[in-house]
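All values below were derived from every heavy atom in this structure, side-chain atoms included, with hydrogens, water molecules and symmetry-related copies excluded.
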Amino acid sequence: MTSSESSASNRGFSLSRAALDALELEVAEAQRSETNDLYHYTNANVAMYNILASGTLRLSPFESTNDLWESRPLHPNLSSHHDDENWPEGSGHMDLWADIDRNIRLHAKVVCLTRDFTLPDHVWNRDASRGWGHLSLWAHYGTSHTGVCLRFDRARLITAFQEQTGSAALRFHGPVRYVSTQGVGPHGLDIGQIREFGVDAAALAYAKANHESLFFRKYRDWENEAEYRLVLLNQSLLPAHIDIRDALSGAVLGDAFPERQRPALWEVLKAYPDVEVQQLRFQNRYLHCFGPLAPEPAAKAAPCAEPRRSGSLEERLGALLEATAEANELRESGKLLAADHLTIIDQAMAALSAELGSWPEVKSKAHRHPDAVPVEQRSRQPGTPGERVHYQAGFMCVVENLPKPSHTLVAAAAVQVLDGPRLRLHGLVRTEHSDPDGNRRAEHWRAASEVSADEAASALSALLAGVRAAVDTVRPTFNEQRGQTPGEAG
């Protein structure tokens, strides 16, 4: 049973807008782990009758890609010594640019794949970043969800690409970066070198020096594709093919994959006895992946706002990268400083969850979340105005009423590492009530203290004692809200 199957039964109830926002934040903040899988979306006929039937994956002409940055001619910068300034004669640089474009863009072939990421088990929507779960890719490349998403072992596919594409001038592979501004590359072509070595050799040298910007940059509108590419540059105008029989590991069928095509799919998959087949089902605004299935008898964008910081793009970018690098260093040191305190909070919330789970008609669960930190004090992105928080983390204990989770009690604690370094400790106890008008929250207790590293252990002990006492104080209110009488509450 997949993670989607195990959680499907928990999604029959409606979530409030606040709860949905919290789930989005949980996904956004969760640590993503990239797998060794790559996915390729295509329509059912291409999957079955071309890819699977032939055992090959086609590298298509680069000019056939959707992004205008890639499908339109490229005019790189040209430089020259004084004795080459008037070369070539006649049409000037236009014919030369056309020849360069032919040797780079028109000779390049590409196969586009999608990267795959997993999220920690505590994330409610654990499949939010899976390679097979991009609805827009299913709509476009998967022919309105009727197609197939093929899964490949990345290492084996790259090996096949490097060994089986014949004599080639250049091969590249890697993830695509998504940006809002793109140039023609930091290095241009020298006319003297073109005359000396030939336009084909000079163009390939330019492509090698600039392959990241030429083949692995796309406009940010395509960022949802999470693309990984294999790029081949040789002297042929025809597509190339990779043998995928050792790399193919799975096939995911779209939600609307035609039933009438299943017999043909299973027929062609007889040549791939170890390939796992899964089925997607879209239900109640969630995409569930079931399986494995048993065989049956495939130009620069204008800024939306002026930056607060002055300076050129290079200066502002340099400042942003510097702030990010500094923040990463501070985060790592802050993480070490907070580690022991966070372990204590984790243990305290786990123990509290086990105790409160014995209350009548409730379920209790503890998980990681900095919920105790007020929103106005939470960490900001590097370089933005406001207090600098090196690191923050926490745990929360959530007690839900049964059988309908309309009333909730939350106890939480968190730690932040600040300049100094100093530590800020937070504690919170609140109740929530879901009704047709939304999710109503009421804070019953909150405490915070900012202390030195030497004082943190004793301060945290006092804070957690305060959380525990506040839970006892709030319990009668929680029971009253959910309709429990004192006798029933035990």
Side-chain angles (χ1 to χ4, degrees), residues 1-28 30 32 35 37 39-44 47-48 114-151 224-226 249-266 269 275-296 298 363 365 367 398 400-406 408 434-436 438-439:
M1 178 179 290
T2 67
S3 58
S4 291
E5 290 176 331
S6 64
S7 58
S9 61
N10 297 326
R11 291 173 173 157
F13 59 90
S14 298
L15 292 170
S16 67
R17 180 173 180 178
L20 287 172
D21 289 344
L23 295 177
E24 287 298 307
L25 182 63
E26 180 183 55
V27 170
R32 298 196 311 168
T35 73
D37 293 330
Y39 288 84
H40 181 68
Y41 291 79
T42 186
N43 68 63
M48 293 188 297
T114 300
R115 301 160 71 189
D116 181 52
F117 298 88
T118 59
L119 298 178
D121 288 342
H122 68 79
V123 176
W124 195 71
N125 187 9
R126 296 188 296 275
D127 294 332
S129 297
R130 297 309 305 268
W132 47 258
H134 295 258
L135 292 180
S136 60
L137 301 188
W138 278 111
H140 186 67
Y141 303 106
T143 323
S144 299
H145 307 272
T146 63
V148 177
C149 188
L150 298 173
R151 186 182 75 213
N224 66 300
E225 294 185 349
S249 60
V252 183
L253 310 184
D255 173 78
F257 185 87
E259 289 291 326
R260 58 182 172 78
Q261 292 191 291
R262 285 180 179 270
L265 174 70
W266 291 116
L269 284 175
V275 167
E276 181 182 73
V277 180
Q278 296 170 290
Q279 173 72 65
L280 293 187
R281 289 297 182 216
F282 188 75
Q283 183 180 12
N284 202 25
R285 295 196 172 183
Y286 281 90
L287 195 60
H288 307 284
C289 188
F290 298 94
L293 305 181
E296 301 169 359
K363 66 175 181 179
K365 182 179 180 181
H367 59 88
V398 181
E400 291 184 324
N401 181 61
L402 293 176
K404 185 178 180 181
S406 55
T408 305
S434 299
D435 60 29
N439 193 48

- [ ] May I ask you to decide if Gly291's main-chain N or O and Gln279's side chain share a donor-acceptor pair within less than 3.5 Å?
- [x] no

TODO: Look up atom CG in Asn43 and atom CZ in Phe257, then write down how far apart they are to the nearest 0.5 Å.
DONE: 10.5 Å

Task: Val275 versus Gly250, closest heavy-atom pair with distance - done: CG1-CA, 3.6 Å

Task: Residue of the set Val27, Asp116, Thr118, Leu119 for which side-chain contact (heavy atoms from CB on, under 4.5 Å) holds with Arg32 - done: Leu119

- [ ] Go through the steps for Tyr286 and Trp124 under the test ring-ring contact (aromatic ring centres under 6.0 Å, His included), then give the verdict.
- [x] CA-CA 12 Å; Tyr286 281 90; Trp124 195 71; 5.4 Å; yes

Task: Pair Arg281-Phe290, side chain to side chain contact (heavy atoms under 4.5 Å, CB included): steps then yes or no - done: CA-CA 8 Å; Arg281 289 297 182 216; Phe290 298 94; 3.7 Å; yes

Task: Interatomic spacing from OG1 in Thr42 to OH in Tyr141 - rounded to 0.5 Å - done: 11.0 Å

Open item on the list: To check you understand the geometry: which heavy-atom pair defines the closest contact between Thr146 and Ala44, and what is its length?
Closed with: O-CB, 3.8 Å

Open item on the list: For the backbone of His145 and the side chain of Asp255, can you confirm whether one donor and one acceptor N or O come within less than 3.5 Å of each other?
Closed with: no

Open item on the list: Please report the interatomic distance CH2(Trp138) to SG(Cys149), rounded to the nearest 0.5 Å.
Closed with: 5.0 Å

- [ ] Compare every heavy atom of His122 with every heavy atom of Glu26, then report the nearest pair and how far apart it is.
- [x] OE2-O, 3.3 Å

Open item on the list: Within the 4.5 Å heavy-atom criterion, are Thr114 and Leu137 side-chain neighbours or not?
Closed with: yes

TODO: Can you see which heavy atom on Ala264 is nearest to which on Met48, and at what distance?
DONE: C-SD, 4.0 Å

Task: His288 vs Phe282 side-chain heavy atoms within contact, under 4.5 Å - done: no

TODO: Evaluate the salt bridge (charged side-chain N to carboxylate O under 4.0 Å, His left out) criterion for residues Lys365 and Glu400: first the C-alpha distance (whole Å), next the side-chain angles of each, then the deciding distance (0.1 Å), finally the verdict.
DONE: CA-CA 9 Å; Lys365 182 179 180 181; Glu400 291 184 324; over 6 Å; no

Open item on the list: Can you classify the ring geometry of Tyr41 versus His134 as parallel (below 30°), tilted (30 to 60°) or perpendicular (above 60°)?
Closed with: perpendicular

Task: Pairwise distance CG(Leu253) to CG(Leu280) - rounded to 0.5 angstrom - done: 7.5 Å

Open item on the list: Testing the basics here: between Gln278 and Pro292, what is the closest heavy-atom pair and its distance to 0.1 Å?
Closed with: CG-CA, 4.4 Å

Open item on the list: Using 0.5 Å steps for rounding, measure from the CG atom of Leu293 to the CZ atom of Arg262.
Closed with: 6.5 Å

- [ ] Indicate the atoms forming the closest heavy-atom contact of Gly131 with Tyr39, along with that distance.
- [x] CA-CD1, 3.7 Å

- [ ] Mind checking the CG-OG spacing from Asp37 to Ser249? Nearest 0.5 Å is all I need.
- [x] 5.0 Å

- [ ] Using a 4.5 Å cut-off on heavy atoms from C-beta on, say whether the side chain of Asn401 contacts that of Ser406.
- [x] yes

TODO: Check whether any side-chain heavy atom of Arg151 lies under 4.5 Å from a side-chain heavy atom of His40, and answer yes or no.
DONE: no

